[in-house]
Amino acid sequence: MSEQKPLYQRIYALVRQIPPGKVATYGQIARLVGGCTPRMVGYAMAAVPNGSEVPWQRVINSKGGVSPRANPIGEITQRMLLEEEGVVFNDEDRTDLKLFGWIAPEII
DNA sequence: AGATTGACTGCAT
DNA sequence: CATGCAGCCAATC
């Protein structure tokens with residue numbers, strides 16, 4: 001049965017499943033959602049309404065770090081939120097995906 | 001309706 | 001490691 005939900009809603013649902021202290025990459029989310037590209041994930045994250053339960057901060061780029069965006073305040077906020085959850089950034093401002101990378105349950 | 005942009009990724013040079 | 005190019009789709013002008 002095809003999900004008639006909007007693409008962004010599927011992305012949000014997936015991001016919401018990321019447990020605290022873990023992070024996922026745009027490409028990873030895109031592949032899990034299926035039929036969507038990393039850019040769509042990034043766009044969806046930017047479109048997340050303020051106050052929603054979507055842990056958008058747990059979505060980072062393939063480098064394991066926070067992606068640069070127009071508003072630097074959000075970038076700082078994202079890193080701060082992740083550090084509060086236990087995610088550690090190294091000297092390169094990147095996280096160790098081998099330790100904090102979310103291993104998503106494969107969609108059967 | 002066409003052009004541009006955007007929180008990306010992977011491969012080639 | 002730096003740079004360039006292609007792919008992908010939605011929102012905005």
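Just so we're on the same page: letters track the sequence lines, and every chain starts at 1.
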Original post:
What nucleotide, of dA7(B), dT9(B), dG6(B), holds the atom closest to the side chain of N61(A)?
Top reply: dT9(B)
Original post:
Among dG10(B), dA7(B), dG6(B), which is the nearest nucleotide to the side chain of A46(A)?
Top reply: dA7(B)
For residues [X] and [Y], determine if any side-chain heavy atom of one lies less than 4.5 Å from a side-chain heavy atom of the other.
X: Y12(A); Y: E53(A); result: no
X: C36(A); Y: V41(A); result: yes
X: F100(A); Y: V88(A); result: yes
X: V59(A); Y: T25(A); result: no
X: F89(A); Y: R79(A); result: yes

Original post:
Taking DNA chain B as the partner, which of residues 87-95 of chain A come within under 4.0 angstrom of it by heavy atom?
Top reply: none
Original post:
Is a donor on one side and an acceptor on the other found under 3.5 Å between the side chain of R58(A) and the backbone of I18(A)?
Top reply: yes
Original post:
Is a side-chain N or O of T77(A) found less than 3.5 angstrom from the main chain of I73(A), in a donor-acceptor match?
Top reply: yes
**OP:** Go through DNA chain C in 5' to 3' direction and return only the first and the last nucleotide with some atom under 4.0 Å of chain A's heavy atoms.
**Re:** dG7(C) to dA11(C)
Measure [atom1]/[X] against [atom2]/[N] and give the value in whole Å, please.
X: Y12(A); N: dA7(B); atom1: OH; atom2: C1'; result: 12 Å
X: I29(A); N: dT9(B); atom1: CD1; atom2: C1'; result: 14 Å
X: Y26(A); N: dG10(B); atom1: OH; atom2: C1'; result: 17 Å

Subject >> Most 5' of P38(A) and Y43(A) on DNA chain C, judged by nearest nucleotide >> reply: P38(A)
**OP:** Could you pull out the closest heavy-atom pair between G27(A) and P38(A), with the gap in Å?
**Re:** CA-CG, 3.9 Å
